[in-house]
Each structure stands twice: as structure tokens, then as C-alpha cells.
Protein chains: 2
Amino acid sequence: MGNDLAKPVGPGSGRGTGTVVMADVAKLAGVSPMTVSRVLNSPTRVRRETRMRVLDAVRELGYRPNSAARVLATGRSGVLGVVGFDTTLYGPASMLFGIEQAARDAEYGVTITSLAALTQRNVTEAVDRLRGQSVDGVIIIAPHVASVEGLGDLASGLPIVAVGGGDGGVIPVAAVDQHAGAAAATRHLLDLGHATVWHLAGPTDWVEAGARREAWEHTLRAAGRDVPPVVIGDWSPRCGYEFGKRLTGDPSVTAVFTANDQMAVGLIRALHEAGRRIPGDVSIVGFDDVPEAAYLTPPLTTVGQNFGEVGRHALRLLLERIGGAPAEEDRRIIVEPELVVRQSTGRPG
Amino acid sequence: MGNDLAKPVGPGSGRGTGTVVMADVAKLAGVSPMTVSRVLNSPTRVRRETRMRVLDAVRELGYRPNSAARVLATGRSGVLGVVGFDTTLYGPASMLFGIEQAARDAEYGVTITSLAALTQRNVTEAVDRLRGQSVDGVIIIAPHVASVEGLGDLASGLPIVAVGGGDGGVIPVAAVDQHAGAAAATRHLLDLGHATVWHLAGPTDWVEAGARREAWEHTLRAAGRDVPPVVIGDWSPRCGYEFGKRLTGDPSVTAVFTANDQMAVGLIRALHEAGRRIPGDVSIVGFDDVPEAAYLTPPLTTVGQNFGEVGRHALRLLLERIGGAPAEEDRRIIVEPELVVRQSTGRPG
DNA sequence: CGGAACATGGTTAGCGCTAACACTAACTCT
DNA sequence: AGAGTTAGTGTTAGCGCTAACCATGTTCCG
């Protein structure tokens with residue numbers, strides 16, 4: 001005994017001397033480390049006076065609990081994983097923002113992983129990586145068809161919810177009612193007197209894109225109208241523009257519903273260049289209600305989605321699961337979108 | 001001895017039986033846990049044959065190392081923290097995206113914290129929270145004046161870099177050369193023959209906003225022109241619109257440089273409503289080159305910033321520091337912006 | 001007034017991993 | 001040939017924290 005030389009220098013949190021650990025706090029407060037732990041985690045179980053003493057020591061030393069150690073001891077990390085796709089797009093970015101806000105309010109941290117391509121393999125791998133980081137749960141902003149399938153398999157114990165698209169099934173979903181939104185957009189145009197409505201859709205592998213397209217088609221059929229050929233876009237203004245270029249030759253096109261606002265911007269540009277008036281010659285409805293929408297020329301009629309709200313709901317679903325709620329089939333929260341009528345739509349002719 | 005009953009059930013990563021740990025792998029491969037660890041961390045130090053055996057076992061059991069344990073043992077986490085502000089804006093969102101991509105390539109995870117308000121206190125607190133999560137370093141996307149000040153204090157050991165704004169000083173910065181961009185925009189308008197250039201600035205507490213405004217003013221003075229009163233906006237299309245409304249009474253205003261594209265959108269709208277032609281009556285230059293910019297009516301002349309590149313540079317700086325590079329004063333990487341001339345600018349009159 | 005119930009705080013062990021050292025076998029070098 | 005090297009692996013201890021169990025007092029009741 002007394003062989004102090006043999007005491008190994010722990011690798012610790014590096015940084016040499018700077019790190020204050022729980023034992024330091026305990027010593028200063030004159031209690032055992034366990035009591036410090038209790039003060040920090042279930043304050044009611046410690047006498048008021050002791051608690052104060054400990055808290056003072058915490059403040060004085062600037063102590064911050066080491067979360068890695070806590071994770072290791074408890075198995076809970078207080079961190080959620082978010083798997084996202086192109087977080088540059090307005091929708092995903094807003095969603096992420098909403099989730100992060102809500103998570104912070106619930107005292108959770110958020111770590112993100114964006115995917116280059118939304119294959120099922122990538123999603124699985126991302127979730128696995130997050131699991132390795134001991135996240136308590138995962139939210140997938142992965143509005144791809146492929147990505148959501150077969151996710152049930154890897155759910156094994158790790159709570160997962162999806163936002164945005166998600167046809168549901170095994171994992172819970174918070175989403176905007178795409179059908180309602182697209183139907184409202186289409187019906188709005190029909191109600192104005194347009195014979196039919198063209199549609200510039202989003203990529204076929206996006207769940208939202210599919211839902212919007214379906215609802216559009218369904219609405220047209222229900223009204224007994226012709227269904228024009230669908231054009232598939234990629235969400236970018238560029239492809240809206242190209243679509244517009246091809247359209248200008250055809251005066252029978254009087255109404256177009258684009259699957260997002262950015263494509264509408266491109267479309268408006270193309271029509272404008274061709275000297276066609278909006279809404280005089282062509283009416284346009286977008287989707288998303290990006291902040292710019294109200295200030296375009298003309299102000300864009302569009303379908304507003306409350307991304308923030310969806311994000312919060314998703315978080316709530318996830319916390320339910322983490323809290324041990326039974327994994328009901330088909331748990332889902334649907335947020336209603338809102339048609340915002342501005343000046344890009346009007347009567348034909 | 002033999003008292004199995006006394007063996008406590010470790011809290012562990014919960015989930016009962018499911019978790020495979022390193023010891024399981026070791027047993028299956030017939031080696032010690034340490035060897036497994038070596039295979040995973042410095043493969044060269046293990047004989048080829050042994051390594052294969054271990055890797056097979058890893059695969060067979062579907063083993064994933066528990067990062068919390070690793071963090072605890074090494075003090076390194078492989079996770080970086082990003083402190084952001086309004087990540088809904090195009091700039092910050094792109095930045096975040098760029099950083100995350102680059103981080104993943106470098107095998108780092110990313111956890112984010114967005115701030116409601118960018119006070120110095122909030123930033124400090126966010127960094128502290130991240131430190132508690134044992135991040136290896138922090139990138140601050142906090143283009144506020146206040147937020148960057150006094151950050152040196154808390155740097156204590158934790159590598160920090162800033163992106164976007166950041167006047168430099170103690171912590172390294174990767175940023176776009178705001179001066180060059182704003183100067184180019186202003187000069188472009190002067191070169192076209194405008195007597196002077198008005199400026200709709202961003203919020204005063206944003207570093208970028210300040211730099212753009214300064215460069216604008218400096219350019220005007222250097223050319224011996226009048227400097228119109230600055231108007232302070234908030235980046236939103238709405239305030240661009242309001243600015244435009246007030247402007248329409250004044251025919252002497254022939255050129256405006258707005259501090260971002262969104263405000264330009266609002267401005268264009270207001271001018272359009274008032275029947276003023278762009279660029280016939282008023283020329284406009286924005287800043288950012290958002291994807292829509294090329295498809296506005298008219299296509300917007302603007303200053304393009306390569307956010308992704310900035311993000312990557314920031315990550316490089318951070319990794320330098322983490323790697324133990326000496327903390328040189330005033331380390332910074334400046335990315336040159338690019339004036340993109342489209343159709344919202346032309347000769348006056 | 002004895003014993004149950006509570007309130008408070010300490011003890012022990014262990015979460016899963018890795019740094020540091022110890023050990024063995026096979027080589028290299030004067 | 002014996003001392004040094006090197007490659008490859010095992011052993012020990014401990015990172016900082018908390019679950020579970022104990023050890024005290026304290027209170028309350030019949």
C-alpha cells in the first residue's frame with residue numbers, strides 16, 4: 001500500500017487539470033458523491049440544507065456533469081437523433097428547426113445526420129450509427145418511399161418516429177395532410193372555372209410528392225375532368241422554368257398546380273418571359289408557403305404547411321415512445337394545411 | 001463465492017438482452033476484449049489472422065461499439081457541436097449542411113443547438129452544454145456581434161471556430177469576404193451610371209450586415225458620391241416590401257443594394273405594385289444568390305456565397321485545432337464571393 | 001414504549017471501453 | 001550467446017457516474 005507511484009494517470013476528459021468532477025463537488029460540500037448525484041437528478045430526496053450546500057459547491061467549481069459517464073451508467077443519453085435529407089430545402093430545414101426547439105424545451109439534445117441519398121440502406125446505416133451514439137430515440141425526416149419501408153425491422157428497442165411523409169405502418173408519423181392540401185389547391189382552381197388543372201409533381205420517390213399527385217388526380221376525376229399528363233420535377237426552380245418553357249405553346253393550359261413553391265417560381269418566370277399573364281392567362285398554385293411567396297410577382301397562391309408544428313408533434317410522439325407508451329399500430333398525427341389564396345390564381349380567359 | 005444471486009443487474013444500455021458488448025465479441029473470437037478494441041481502433045497492431053477472426057465475430061453478432069463508454073475511456077467523442085441561430089434562413093441552413101457533410105467525411109458526428117436569441121450569455125451557455133456532452137470541438141454559426149465577443153474566455157481547452165461573420169480575434173473564423181461582395185455590388189451599380197446607391201441593411205447586430213453596410217458606404221465615399229440614409233431591415237421579404245413602399249415616392253432613387261435576396265424579393269414586389277420598372281426605373285442587387293434568384297421577375301443580380309465551402313473550411317480549421325495545432329492569433333480563411341449579374345440591374349433613366 | 005414506517009445519506013459495484021504496462025515468443029545485433 | 005528489439009496479446013485498473021442496497025437517525029402509531 002501507499003504506492004502512489006503506481007497510480008495510473010487516467011486518460012479522463014483530457015485537458016489536464018481543468019476538469020471538475022463530481023467527487024470534487026462532493027468533497028467541497030462535505031458529502032458523498034452519491035448525494036451530489038441525487039441533488040442533480042432527484043432533488044426532492046435530499047434535505048434542503050444539504051442540497052443548497054451542494055448546489056453552492058457546484059456553482060463555485062463550475063461543475064458540469066459528464067454526460068458520457070451518465071449515459072454509461074444509466075443507458076439513457078438525453079440525446080435524440082435526427083436523420084435528415086437535403087436540409088437546405090425550406091421544408092426539411094424548418095422541420096429540423098421545429099424539432100430542435102421542441103427538443104430543447106424537453107431538455108433533450110439533438111444530433112443530426114444528413115443523407116446524401118435516401119436509400120433504405122443509408123437510412124438503416126444512419127440509424128445504426130445514431131444508436132451507437134446511444135441516442136434515446138430517432139426522428140426521421142425522410143420523405144422518401146424507400147426510406148420508410150422496412151424501418152420496423154431495425155426499430156428493435158429504439159424508438160423511432162417519422163415526420164413529413166411516411167405512409168405509416170409500423171412507425172408513428174407526424175405529417176401534414178398532403179391529400180387535403182393538394183385537393184384544396186386543385187379544387188380551388190376548378191372552382192374558379194378552369195376546365196382542368198395541370199400538375200408539376202415532385203420526384204416520384206418522395207412520399208409527399210406522390211400524395212399530392214394522387215390527390216390532384218383524384219380531385220380531377222371526381223369532378224369529371226380530363227387528367228393531363230403529369231410532369232415530374234425535382235423541386236428546383238429550374239425545372240419549373242423548363243416546364244413553363246414547354247407549356248407556353250399550349251393555350252389550353254390555364255391552370256397549374258406545382259408541388260412546391262420553388263418550382264412555381266421557375267414556372268412564373270418562364271410564363272412571364274413568354275408574355276403570358278398570371279393569372280390572366282395561367283393560374284398557378286404552389287405548395288409550402290415559403291416566406292417569399294407573398295411577395296412574388298404575382299403573390300403566390302399556395303398551400304401553407306406548419307412545419308414547426310409537425311416537428312413538435314413528432315417530438316411528442318417520440319417522447320411518448322421513449323416514455324414507454326405501447327407501440328400501437330398506425331399511431332399518427334395529421335396537421336391540416338391551409339390554402340392561402342393570393343393573386344396568382346383567377347378566372348380563366 | 002458462487003453467490004450468483006448477489007450479482008447486481010447492471011443498468012446498462014437497458015433493452016434487456018439485446019445488447020452485444022465487446023466481451024461477447026471477444027469470447028466468440030477467442031481473444032481478450034483488448035484485442036477486439038485494438039482491431040477496431042488500430043488494426044495494424046493485430047495479426048492479420050486474428051483481426052479477421054475478430055471482424056467475423058463483430059459481423060456475426062452485429063456488434064456496435066458503445067460510444068459513451070469509449071468517450072469515457074478516451075476523453076474524445078468523435079462528435080462536434082454546432083451552435084446555430086435561425087437555421088431556417090438559407091445561409092445558416094446551407095452552412096449547417098456543409099458542415100455536417102464535411103464532418104461525416106471526417107468521421108465525426110454533429111450535434112446542434114439553435115439559439116432563440118444570440119446574446120453572449122446564450123452562446124456561452126450553449127457551448128457549455130455541448131461541452132457537457134463531451135464534444136471534441138464547437139463551430140459557431142453565430143453571425144452576431146455580441147455572440148462572438150468574449151468567446152475566448154470559455155475556449156479553455158475546447159477548440160472553437162466561428163463561421164460566417166466573426167471579426168476574428170481569438171477564435172479562428174471561416175467566412176465569406178463580405179466587404180468584397182458588398183463593394184462589388186455597389187460598384188457594379190455605380191459603373192452602370194447610377195448617381196448613388198441606396199442600401200437596405202440587415203439587423204445591426206449581425207456581423208455580416210455591418211460589414212456589407214460598411215463596404216457599401218466606403219465604396220460610395222471612395223467614389224465621391226452621396227451616402228443616402230441607411231435603412232435597417234430584418235432579412236425578411238416583408239421589410240423589403242415596406243422599404244419599397246416608402247421609396248416609391250422618390251424618383252431620385254435609381255439603385256438599391258439589399259443585404260440579402262429575400263428583402264430584394266419584397267422590394268421588387270413593392271416597386272412592381274407602384275408601377276416602377278426594374279431595372280428601367282430602379283436597379284436592384286441582392287446578396288446570397290438563393291436558388292430562386294435566377295428565376296425571379298426579373299432575375300436578380302446578386303452576390304453569390306459558397307456556403308458549403310465555408311462550412312468545409314470551418315471544419316478544417318476546427319480539425320486543425322483538435323489535432324493540436326497551435327492557437328495562432330487571427331487564423332482565418334476567407335472565401336471570395338461572386339457577383340452574379342442578371343437582369344435586375346441596368347443603366348439608369 | 002417497541003417496532004414499523006419514513007427520511008436522509010453512505011457504500012459498493014459496475015456500466016463498456018481503453019491506456020498503460022506486463023508478458024511471451026521470435027528475431028536482431030554486436 | 002546473451003542482451004536488446006520487435007510483434008502480438010493478455011492483465012489490471014479506472015474514466016465519471018448512478019442503481020441497488022445499507023446504515024443511520026426520526027417520526028409516528030397503537
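Note on naming: letters A, B, ... go to the chains in the order of the sequence lines (proteins, then strands), and numbering restarts at 1 for each one. Just so it is clear, the values below take in all heavy atoms, side chains as well, and ignore hydrogens, waters and symmetry mates.
For the pair Arg48(A) and dA7(C), the criterion of a side-chain N or O lying under 4.0 Å from OP1 or OP2 is not met. Contact annotation: Thr50(A) reaches the phosphate of dG9(C) (side-chain N/O to OP1 or OP2, under 4.0 Å).
Each of dG14(C), dA19(C), dA19(D) was ranked by its minimum atom distance to the side chain of Ala73(A); first place goes to dG14(C). Of the candidates dT18(C), dC17(D), dT8(C), the closest approach to any side-chain atom of Met22(B) belongs to dT18(C). Set against dC17(D), dG9(C), dG10(D), the side chain of Ala69(A) has dC17(D) as its closest nucleotide. Closest contact between the side chain of Val21(A) and the listed nucleotides dG10(C), dC17(D), dC17(C) involves dC17(D).
Between Asp128(A) and Arg131(A), at least one side-chain nitrogen of the basic residue sits less than 4.0 Å from a carboxylate oxygen of the acidic one, meeting the salt-bridge criterion. A salt bridge links Arg59(B) with Asp56(B): the distance from a Lys NZ or Arg NE/NH1/NH2 to an Asp or Glu carboxylate oxygen falls below 4.0 Å.
The nearest whole Å value for the distance from the CG atom in Leu72(A) to the C1' atom in dA13(C) is 13 Å. Atom CZ in Arg47(A) sits roughly 10 Å away from atom C1' in dA7(C) (whole-Å rounding). Atoms CE (Met34(A)) and P (dC21(D)) sit 13 Å apart, rounded to a whole Å. If you take CZ of Arg70(B) and C1' of dA19(C), they are 14 Å apart, rounded to a whole angstrom. Here the P atom of nucleotide dA20(D) and the CG atom of Asn41(A) are 14 Å apart, to the nearest Å. The nearest whole Å value for the distance from the CZ atom in Arg53(B) to the C1' atom in dG8(D) is 12 Å. The distance from atom CZ of Arg64(A) to atom P of dC17(D) is 12 Å, rounded to the nearest whole Å. A straight line from CZ of Arg45(B) to C1' of dT18(C) spans 14 Å, rounded to a whole angstrom.
When each of Val82(B), Thr111(B), Val110(B) is checked for a side-chain contact (heavy atoms from CB on, under 4.5 Å) with Thr111(A), only Thr111(B) meets the rule.
Among the protein residues, Ser67(B) comes within range of no part of the nucleic acid, since none of its heavy atoms lies under 4.0 Å from any strand. Contact annotation for Thr35(A): backbone-only contact, meaning every heavy-atom pair under 4.0 Å involves sugar-phosphate atoms and none involves a base.
Residues Ser67(A) and Gln133(B) bring no donor and acceptor atom of their side chains to less than 3.5 Å of each other.
Proximity of Leu80(B) to Ile322(B): side-chain heavy atoms (C-beta onward) are separated by under 4.5 Å at one or more points.
Counting atom types as modelled, Arg38(A) pairs a side-chain N or O with a base atom of dG10(C) as donor and acceptor under 3.5 Å.
A residue-by-residue look at Pro33(A) and Gly30(B) shows that Gly30(B) has its nearest nucleotide of DNA chain D further toward the 5' end.
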